[in-house]
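To start, the structure itself, in structure tokens.
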Amino acid sequence: MKNEVFTFRMNWRAFWVMAITFAITAGLAFVRIAAENTIGRVSLQGYEVGQTADEDIYSPVSMEARVYGEKPVEKGDCIVQKGYPITLEQYEILKAIADSPASTDFVALGKSFLFLFLLTVLFYFVFSRPVANREIPMQELIFCAVCYVSSYAVCSLCVGLGNFDPSTNLLLVLPMSLVVFLSTIIYGHTTGIVMGALMSVGAWEACGFNNLLFGYALATSIMSARLVKNVHTRNGLVYVSLIQTGFNIVILILLELIFGFSTPIKSVGENVLFGVLGNIRSILTVPFFVGINGFLSGMLCLGLLTPLELMLNTTSPFRLKDLADMDSEIFHEMQKKAVGTYNHSLSVASMARSACDAIGAKSQLAYVGAIYHDIGKLKNPEYFTENQTGIENPHDSLDPIISAGYLEKHVSDGVEEAREMGLPKSVINIIAEHHGNSIKAYFMRKEMEINETRPKDEQKTKEEIESEYRYKEPRSSSRESAVVHLADSIEAASVSNKDKLLTSEDRQRLIENIVSAKIADHQLDDSGISYGDIEKIKSAFLKELNDKNYSRIKYQNDPTSSPDAQEKSAVEEDGEKLPAKNEEKDPVRRAAKGTRAEKKAAASEGEKTSGSVRKNSRIRKSAKAEE
């Protein structure tokens, strides 16, 4: 609700996480470059016997002759000339130089270190509060750093030590979809997209800036984040895995058409047919196993999700769905001890979910936070008005400061109970912040009345009383928390007016007054709620209250009415009305008024009629035409 200036504040814990991340990735880069079969900056994987060289290759080191008759190689000697085919002897010399420890390309190593440093700085920047627009929990930062390092390690070790071709077999083991699935489900769509982009750039560098691999990694990462964004069930994740399988195959084939097939069709001499068939099989095999990678990513995600949810204590859709189960023990206890609080919590949860849907906030988180927000009332349920049906209000005999203490205590009791239950931090925050540091207005007014009766020298100032009667908890720190705060106040106020016949305009005025008061009291300043959000929230609340207080056609036989009224209603239900005194003497007027029997008699005979009303267990009327 307030305009924030873009500021950058050093987060030292995050800084050390990023420093360790850079150190690990730099070490992996050193292992990869030292182990790579390179001659200078040329990879040996790009050459084979009989291939025409596309550039001159010079020896970066001196080497003694390994066999009799072989000439020693001096540093700077031209081993292969551009435009000439590579002989077996030349290829053996190239391989020997590549396997030599002295062939490590320190220029390439320096460039790799610089690239990784810039990527780590970008990592730190995108996870800072000004950019992310939220405080990134340390566990989330560590999780993302571990995932980034793991993906970089797979690429570096496979290329450096396993000699994996980046355009073929490395694609089979890339963990992009798995990491993005986990990141998106656990921490949200934005985190999943950011992680996919960072890992793709890291893999691009680790694989010698292979464009096919980079395009594949980025495309599959973005698609994975989009597919799993709205998945809230484990069956849905299986369905997503099948879609990801097909997408991986399609995107690889399209990229190979763009960049050229990773296994070009080459054959020699009379084995042309066998060579072509063998390469076609290879071309089809890689997309098949890439598709398997996508499906296994979803299945591994399904297996890893539950332990990660518990370990990180996060609010993933799956975890929130489990927490929203109203069949759990705490809600059974609430139904027995504090049924009013139970019903109030459900109403607040419904309002909060609708409002969060309207502003694009996390509606499932708001719903769970709302159903748990008053669990602290279970310790003293009788001190809260919604649970005082049929009993005296204990606050009538208490000093207002003591009564205010009971109200304050339900928040701290709720936070304590939530921690014992192991609820996620974001849910605990909603419980702690659902009153903010607002005023306990009812008891403060009682205190001010008492204060006026005290001697002048003992009277407190208005500021002192206000300070005593404010909640001591923090204000709403998220949009979901702010929505629950507003829904709690508005629902309670609407129920306190249940004896009045409120119209939709009355409810709208109530919502406007409460929201305006919360804004004026600065309760929403730290929540990130905008004024545009406020209008949408008010509209959602009004619709919920109107739907909740719907009206129905009045029952013909109202079970709450008196016996006489029920008797009259029964007559009307049978299609007749009890005749008024002046109508009994005028059959024509009675026929005009509209009883079915009298209309029929008047139409057929045109003469006067008489009727009798007879009461039984059910009132019936019979009309007979008079001759």
Side-chain angles (χ1 to χ4, degrees), residues 127 132 134 136-154 173-200 217 220-248 290-328 362-369 371-372 418 421-429 480:
F127 280 98
R134 63 187 177 95
I136 303 295
M138 182 55 55
Q139 60 186 24
E140 179 178 350
L141 192 62
I142 293 174
F143 173 80
C144 292
V146 169
C147 290
Y148 165 67
V149 169
S150 299
S151 66
Y152 188 82
V154 169
V173 295
L174 275 179
M176 298 298 171
S177 294
L178 172 61
V179 172
V180 173
F181 280 161
L182 291 171
S183 302
T184 304
I185 292 173
I186 295 175
Y187 290 115
H189 183 245
T190 302
T191 300
I193 290 288
V194 170
M195 283 302 302
L198 288 171
M199 290 188 303
S200 298
T220 54
S221 297
I222 293 174
M223 186 64 177
S224 298
R226 182 64 188 87
L227 284 174
V228 84
K229 178 182 178 182
N230 297 317
V231 171
H232 302 298
T233 64
R234 302 184 192 275
N235 289 339
L237 189 55
V238 176
Y239 179 67
V240 163
S241 301
L242 294 173
I243 298 177
Q244 188 70 47
T245 299
F247 182 82
N248 285 3
V290 160
I292 296 298
N293 177 297
F295 182 75
L296 290 180
S297 295
M299 297 301 98
L300 285 173
C301 175
L302 199 57
L304 293 172
L305 196 55
T306 298
L308 284 174
E309 284 174 335
L310 297 175
M311 186 187 306
L312 300 172
N313 198 18
T314 61
T315 52
S316 73
F318 299 93
R319 180 93 189 279
L320 291 174
K321 194 176 184 68
D322 293 338
L323 291 175
D325 182 11
M326 301 305 295
D327 198 37
S328 61
K362 299 176 182 177
S363 58
Q364 201 172 11
L365 172 60
Y367 182 86
V368 171
I371 60 177
Y372 284 94
M421 293 173 61
L423 296 184
K425 190 175 188 303
S426 51
V427 175
I428 295 176
N429 288 343
E480 294 78 17

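Between atom CG of residue Leu302 and atom CZ of residue Arg234 there is a gap of 6.5 Å, rounded to the nearest 0.5 Å. Rounding to the nearest 0.5 angstrom, the gap separating the OG atom in Ser426 from the CG atom in Leu365 is 4.5 Å. For the atom pair NE2 of His232 and NZ of Lys321, the computed distance is 8.5 Å after rounding to the nearest 0.5 Å. Taking CG of Leu308 as the reference point, atom CD1 of Ile186 lies at 4.5 Å (rounded to 0.5 Å). Between the CG atom of Leu198 and the CE atom of Met195 there is a distance of 6.5 Å, given to the nearest 0.5 Å. Here Ile185 contributes atom CD1 and Arg319 contributes atom CZ; the two are 14.5 Å apart, rounded to the nearest 0.5 Å.
Between Thr191 and Cys144 there is a side-chain heavy-atom pair separated by less than 4.5 Å. Residues Val173 and Asn293 form no side-chain contact, since every pair of their non-hydrogen atoms from C-beta on lies 4.5 Å or further apart. In this structure, the side chains of Leu174 and Ser151 stay at 4.5 Å or more apart for every pair of heavy atoms. By the 4.5 Å heavy-atom criterion applied to side chains, Gln244 and Ser297 are not counted as neighbours. With contacts defined as side-chain heavy-atom distances shorter than 4.5 Å, the pair Pro137/Lys425 does not qualify. Side chains of Leu320 and Lys362 form no contact here, defined as non-hydrogen atoms less than 4.5 Å apart. Between Phe127 and Val194 there is a side-chain heavy-atom pair separated by less than 4.5 Å. A heavy-atom distance below 4.5 Å is not found between the side chains of Gln364 and Tyr367.
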Margin query: Show, in sequence, the C-alpha distance, side-chain angles and deciding distance for Tyr372 and Leu323, and conclude whether the side chain to side chain contact (heavy atoms under 4.5 Å, CB included) test is met.
Written below: CA-CA 9 Å; Tyr372 284 94; Leu323 291 175; 4.2 Å; yes
Next item on the list: Please report the C-alpha distance between Leu182 and Cys147 in whole Å, then the side-chain angles of each, then the deciding distance to 0.1 Å, and finally whether the side chain to side chain contact (heavy atoms under 4.5 Å, CB included) criterion is met.
Entry: CA-CA 10 Å; Leu182 291 171; Cys147 290; 5.9 Å; no
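The two residues Ser200 and Ser221 make their nearest non-hydrogen contact at OG-OG, 3.8 Å. Among all heavy-atom pairs drawn from Cys301 and Leu178, the shortest one is N-CD1, 3.6 Å.
In this structure, a donor-acceptor pair under 3.5 Å is present between the side chains of Ser224 and Ser177.
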Could you tabulate the donor-acceptor pairs under 3.5 Å formed by side-chain atoms of residues 235-243, not counting sequence neighbours?
unit_1: Ser241; atom_1: OG; unit_2: Leu237; atom_2: O; d: 2.9

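Between the side chain of Thr184 and the main chain of Phe181, no donor-acceptor pair closer than 3.5 Å is present.
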